[in-house]
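Quantities reported herein were computed from a predicted structural model and do not represent experimental measurements. Atoms within each ligand, like the ligands themselves, are counted from 1 in listed order.
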Amino acid sequence: MTPQPNTSVAGLSDPGLTRSQNEDALLIEPPLYAVADGMGGHRAGEIASREALTALLANAPRETDAKALARAVRAANRAVMESAAKSRTRTGMGTTLTAAMVDGTHVLVAHVGDSRAYLLHGGRLTRITEDHSMVADLVRQGAITEEDARFHPQRSVITRALGSDPDMVADVFEVHGEPGDRLLLATDGLTGMLPDDYITELLEPTRTPEEAAARLVDAANRAGGYDNITVIVVDLDDTPASRHAPSRGSSAMGRLHAARMLWVVAALALVLVTGWGVYSYAQSRAYLISENGYVTVYRGIPGSFAGLSLAWRVQQTDVPVEALDVPQQTRLRDGIAFAHLSDALMRIDTLRAESAPASSTVGPGVMTTPTVGP
Ligand code: MN
């Protein structure tokens, strides 16, 4: 890729104050810039964000080509999915990806998840991307405000991510900025901690990108630093390569003070409850199933989705399935689902009582379910 000597850029990634690991990753390979926020236990989040960026770089186009950039994001999605399939500890891992290609003042952004791209133009900050998250859906429906969204208990539930859905679609945006405009890419460790007004202040164009990036990270940490924080600040400038069109912006007599944004692949806006939504749902559920002749507790949901298992074994109990009545045995063969793990654990106590031989129960009369002897 051709470096853009006139483009001044800085990026920072910080674990924040409460997380021991940094699952965010960033990529600065002019003219390509990207941030990713990984998710998944056993350090799988770190693997997901890094593999996404590696695959993005390997597949990125040389020029600002929207379709080619979208293809590179799809390649990154496949790379994360393939990596997830390699190890059980990576099951369900995923990552956001917000990538920008900059050619002078022409910017392409490809986006999946709740990291964001912004453009600072004439002192005003405009959000280029739309979050793929549950709270963003609620804001769009008018159910909650932006401010509510930053503090909502479900704020980290995202509805689209890399790593779970082979048919994942990235939003692609095209922005025509002007020299002096500033592009910001950031993970939710920044945007969840600071309101847009404050981000605008900190991006103040008299500061260098390095200073602006450092102040953004500092401010997010001072606000609590509850999450990993990653930012990239890119100053847009005219380069010989850019097709700057003075007839458009400057002749428009004060009409245009916001940047013109053209929605290229206009978001193919099927708001799908993607695999990631299913994953989040699965994480909150539990079920009991017969395994090796004993009642076994799982977090997740029985069966598989698009070939992926969404279940995590919690424990095998000492309750023999054979000691239960036939209807229970039948249900346990397919799995008995519960809304919460605690409900599943409570049911085990009931099943244990039912499975106990008559002699060890409290006494005659309390036995309401006949046991089936071996
Ligand atoms: Mn995050």
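- The pair Arg43-Glu46 counts as a salt bridge, with a side-chain nitrogen and a carboxylate oxygen less than 4.0 angstrom apart.
- The Mn ion (ligand 1) lies closest to atom OD2 when only the N/O/S atoms of Asp227 are considered.
- Between Arg150 and Glu147 there is a salt bridge, since a side-chain N of the basic residue sits under 4.0 Å from a carboxylate O of the acidic one.
- Salt bridge annotation for Arg155-Asp188: absent, with no cationic side-chain nitrogen under 4.0 angstrom from a carboxylate oxygen.
- Summary: OD2 is the N/O/S atom of Asp37 found nearest to the Mn ion (ligand 1).
- The N, O or S atom of Asp188 with the smallest distance to the Mn ion (ligand 1) is OD1.
- No more than 12 heavy atoms of other residues, nucleotides or ligands shown are found within 6.0 angstrom of CZ on Arg215.
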